Amino acid sequence: MTQDTDSLVNPDWWRNAVVYQVYPRSFSDLSGDGVGDLAGVIDKLGYLELLGVDAIWLSPIMRSPMADHGYDVSDPRDIDPLFGDLATFDQLIAEAHDRDIRVTMDLVPNHTSNQHAWFAAALAAGPGSPQRDRYIFRPGRGEHGEVPPNNWTSVFGGPAWSRIREADGSLGEWYLHLFAPAQPDLNWENPEVMADLEETMRFWLDRGIDGFRIDVAHGMAKAPGLPDLAAPAVILKHTDDDPRFNNDAVHDIHRRIRAVMDRYPGTANVGEVWVESPDEFAKYVRPDELHLGFNFALATAGFDVAAIRAAIDESLAAAGGVGAVPTWTLSNHDVVREVTRYRPEVTADAPLDEQENALGIGIARARAMALVELALPGTVFIYNGAELGLPNVDLPDEALVDPVWERSGHTERGRDGCRVPLPWEGDEAPYGFSANPHTWLPMPDDWGRFTVERQLEDVFSTLSLYRQAIELRYVRPEFSGPGVDWYQAPDGCLAFRRPGGLICALNTTNSPVPLPHGQILLVSLPLVDGMLAPNSAAWLV
Ligand code: GLC
């Protein structure tokens with residue numbers, strides 16, 4: 001299936017790729033501890049090859065006390081024993097490359113773990129020391145320094161500052177943590193911080209990694225003087241003028257990062273760029289900054305043609321304006337899975353058939369949107385489990401482990417519902433994910449219907465739809481050319497054409513609608529009386 005241009009010799013692979021996000025804790029557990037691991041990823045490379053993806057992105061696998069499930073790194077140049085070791089990592093790269101699958105991994109430059117050697121040294125060394133200057137320590141306000149240095153809140157809830165005890169036991173300075181207290185923010189004005197990141201990048205690039213996903217790529221630089229937030233921030237959200245994020249100095253950092261990457265031809269970075277304005281987004285993907293920006297436009301749009309069309313137009317314009325490659329995704333490990341987002345609202349106590357009906361609509365819409373995103377020019381990111389049509393899971397309170405749940409004072413449930421392990425086979429939890437029935441997040445009793453095993457056998461399954469769509473996207477010449485032309489379409493529908501000739505039509509209404517002219521390549525649901533079914537999409541040429 002793989003064409004020459006897609007093999008490992010093509011340095012531009014990232015311009016038109018399907019990248020599959022592996023959330024390692026939840027993908028496949030070979031060690032039997034109930035948490036996924038790198039051996040599990042190696043074990044499933046055949047599956048990823050069958051799915052047809054070009055590359056994987058591994059969420060953090062470096063040493064971590066796991067306060068934020070790996071996004072709190074205590075040693076950025078080692079593998080956490082929970083996931084394996086460097087030898088297993090090397091084996092993963094080699095075996096993935098043998099299958100023409102590139103491997104990219106998360107880098108977390110905005111903060112470290114509070115268990116990082118640097119943070120221990122900063123605590124020990126005292127105020128004003130070079131060790132403290134690697135982080136953002138400040139004296140408190142108020143008569144006894146008891147008031148935090150400013151009013152910033154943490155993205156996970158609660159204040160963004162924690163006060164430490166100095167070596168002599170007295171209450172001392174405060175340090176900044178935009179996320180959990182276990183994730184102190186680094187001081188990006190200190191050159192040692194950049195030098196260390198460069199060393200980390202080279203460490204993994206020299207081992208053969210094909211690129212990085214840069215965590216909080218809109219972070220790192222803070223507004224000069226750390227001015228107060230004008231209005232209280234919402235948990236897990238921020239605006240573009242929030243002084244905590246998206247400050248101009250971040251672009252210099254990205255230029256430095258790019259300079260390292262440019263010494264390793266064929267590698268590429270994608271940045272997690274959570275900004276609202278497409279123009280702000282575009283700044284991150286200028287030619288000397290990130291190769292790609294992770295674009296949340298479709299993941300936040302809803303199943304609504306006006307919103308979807310605006311997301312596509314604005315994303316294409318933003319990327320096009322700076323000569324960058326557009327990217328698309330419907331979800332990742334931080335947002336509600338698309339099946340659940342698109343599902344009509346039902347209460348948890350609604351009758352089962354109502355709930356099943358809503359789930360069915362959610363799955364149908366997610367399948368339709370998979371065809372929309374895979375029809376678009378650029379690079380597509382698929383979050384593990386999306387290809388199985390998995391919904392979010394309503395976990396019981398006692399199962400929740402996302403720091404957001406505690407930090408928000410149990411007002412926000414957090415992101416665990418989209419991180420439940422993948423079902424591979426069989427009819428009972430843990431469905432082949434692990435030999436251990438006690439998985440790190442519990443798996444629902446009714447996920448036998450979503451297993452890979454079941455879906456591989458069923459030509460109409462969501463997995464089969466993804467496999468066919470990814471293959472067509474590779475082999476058909478109609479998937480070419482930049483931009484899209486919009487067709488006139490009935491209310492509640494949209495249709496666009498790629499320059500190469502592919503037409504994608506989407507019907508968000510509850511009635512069948514006539515299809516555009518052309519030969520059908522793929523439909524997300526069977527036609528109804530020769531028409532495009534409700535909540536479905538079609539590809540035509
Ligand atoms: C990013 C990650 C998220 C993590 C946060 C802090 O947003 O995607 O999972 O909690 O950064 O590192």
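Being a predicted model, the structure only gives us computed values, none of them experimental. In this chain, residues are counted from 1 in sequence order. Both counts, for ligands and for their atoms, begin at 1 and track the order of listing.
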Pairs where residues 389-414 contributes a residue and the test ring pair (Phe, Tyr, Trp, His ring centres under 6.0 Å) is met, not counting sequence neighbours | Trp405-His410
Please confirm whether Arg77 makes a cation-pi placement over Phe203, using NZ or CZ under 6.0 Å from the six-membered ring centre and within 45° of the ring normal.
-> no
Would you please name every residue forming a ring-ring contact (aromatic ring centres under 6.0 Å, His included) with His69, sequence neighbours left out?
-> Trp440
Residue shell for ligand 1, any heavy atom closer than 4.0 Å, reads Asp68, Tyr71, His111, Phe156, Phe179, Gln183, Arg213, Asp215, Val216, Glu272, His333, Asp334, Arg415, Arg419
With a distance cut-off below 6.0 Å to the six-membered ring centre and an angular limit of 45° from the axis, does Arg138 pair with Trp174 as a cation-pi contact?
-> no
Name all residues meeting the side chain to side chain contact (heavy atoms under 4.5 Å, CB included) criterion together with Thr462; count only those two or more places apart in sequence or in a different chain, and write none if there are none.
-> Ile363, Arg367, Gln455, Tyr466
Distance under 6.0 Å and angle within 45° of ring axis: Lys44 vs Trp424 | yes
